[in-house]
Amino acid sequence: MTTETFTGEQIENLRQTAGEHLFMHAMQTADWRDGALKVFVKGEGVWVTDIDGNRLLDGMAGLWYKSAGYGRTEIADAAYAQMVAIDSPPAGSAIPSTIKLSGVVSELYPDHDARLFFVSGGSEAVETAVKMAKKYRILTGKQGAYKVMSRRNSYHGGTAMAVSLGGSPAADTMGPTMPGTYHVTNYNAYRPTYHQNPVDEAIAVANEFETVIKHQGPDTVAAIIAEPVSAATGIHIPPPEYWHRLREITETYGIVLIADEVINGFGRLGTWFGTERFGIQPDITTVAKAITSGYLPLGAAIATKKIADTFIGDDTRTFKHLITFGGHPVSSAAALKNLEIYKREDLVGNSDRLGTYLYEQLQKLYEHPSVGDIRGGMGLIAAIELVSDRETKAPFPASAGLAKKLPPALYERNLVSFRASDIISICPPLSINQDEIDFMISVIDEALTEIEKDLGLAC
Ligand SMILES: Cc1ncc(COP(=O)(O)O)c(C=O)c1O
């Protein structure tokens, strides 16, 4: 397959069209419309080529999803074959690829008797899980259980309910959030709220859920939702005690525990599912992104048998929830091939092994005075938090302009990052090798040296 090439004039025209007609998601149009938009034309393994011919390592696996890496023609072939056979089902029926995928994922999921509600992405998976939890509580006798609890400074998607759950002041909510959402403190051992000891801190912040549940009345609460490892806000890895406590609290009050594994799921933490790392079984797990490695859109709410069986019976028990393209057969075919590749190349094992290597190698970046905290060591996901003063952990003032300086410093050295500023997130494809990890770290090292020089910090 040849890669399409573009002349200087075509590139200019593309940028102009984008500047005039395209909304980039969660980006300020003025920041890129005058020619600064990054445009990519090819991907291979962990490498991507931009329209100007620069080859860069994608240190963010797209947006936390390109786990099998770029350029997998066998995924494209599987999708093509499904599309020409039959692309989508007549109303009220199913196609083998979607059926097979429900079986394959259930085999991988700790509860092999799970049932999957397929959707088309992470936000829909979260919406589905929350609605399922509410209806489960109604069906099991708690008519008034509509409240949902999550953590402040988390991220669960861009739709109205999911944004409400995120609890982030940066979210563009435009008015009241979903009634009945309650937020508690997120786990953050670098900036703890109660205790310096991570286990004590974890239990204290988990206990905040119980405090709110008791105050609101346990029979009014449907669910708690949390990411096993909070990714979007800086890779905070709690000790297992945190998740054990969440499981204990939810079991005590009969509340549904939802693990949002839209990023963590399918190997990111070095296990198929993130909660396996913490030794607990949630009631519902949400997945998306890496289920297809981003080749096509797909997501799912995975319900344990306990939850799913509640929806079997007469019409009052039906889960009346419908997403037209949920579990699209072409996406399902891509997902099946993607998961086959994971198994064949042991990408989950690679995530575990190379995640440890990545974390060890990252330690040398502590030589930089701006590096306050390095988090990782649980699969191929890590974060570096930059501070202006390591003792006080004071963040850099906005005037330091990190958000404008750091991404280009990484890009010029051929590393793609995502919103790198106070926190540099690292989330490469799970197919990465050791040399490529070394490359990533050397680029970050050089970029930090340049930034620190610019800010007048001695290295
Ligand atoms: C933990 C988590 N949940 C849900 C979502 C929403 O997924 P999507 O953007 O596919 O709707 C995201 C997206 O990044 C996420 O990180």
Where is the tightest heavy-atom contact between I451 and A409, given as atom of each residue plus distance? CD1-CB, 4.3 Å

Measure centre to centre between the rings of F278 and H244, then say whether the value is under 6.0 Å. no

Can a salt bridge be assigned to the pair [X] and [Y] using a cut-off of 4.0 Å between side-chain N and carboxylate O?
X    : Y    : result
K131 : E124 : no
R191 : E385 : yes
E261 : K289 : no
E12  : R15  : no
K38  : D52  : no

Using side-chain heavy atoms (C-beta onward) and a distance below 4.5 Å, is [X] in contact with [Y]?
X    : Y    : result
S351 : L269 : no
T185 : R151 : no
V205 : N186 : no
E276 : P110 : yes
P329 : T98  : yes
P297 : S331 : yes
K42  : E44  : yes
Y357 : R353 : no

Any side-chain hydrogen bond (donor to acceptor under 3.5 Å, both in side chains) pairs touching residues 393-411, not counting sequence neighbours?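 Pairs touching residues 393-411 that pass the test: D50-Y411, K405-D454.
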
Under the side chain to side chain contact (heavy atoms under 4.5 Å, CB included) test against P228, which residue among W243, F273, Y242 passes?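 In the set W243, F273, Y242, the residue that makes a side chain to side chain contact (heavy atoms under 4.5 Å, CB included) with P228 is W243.
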
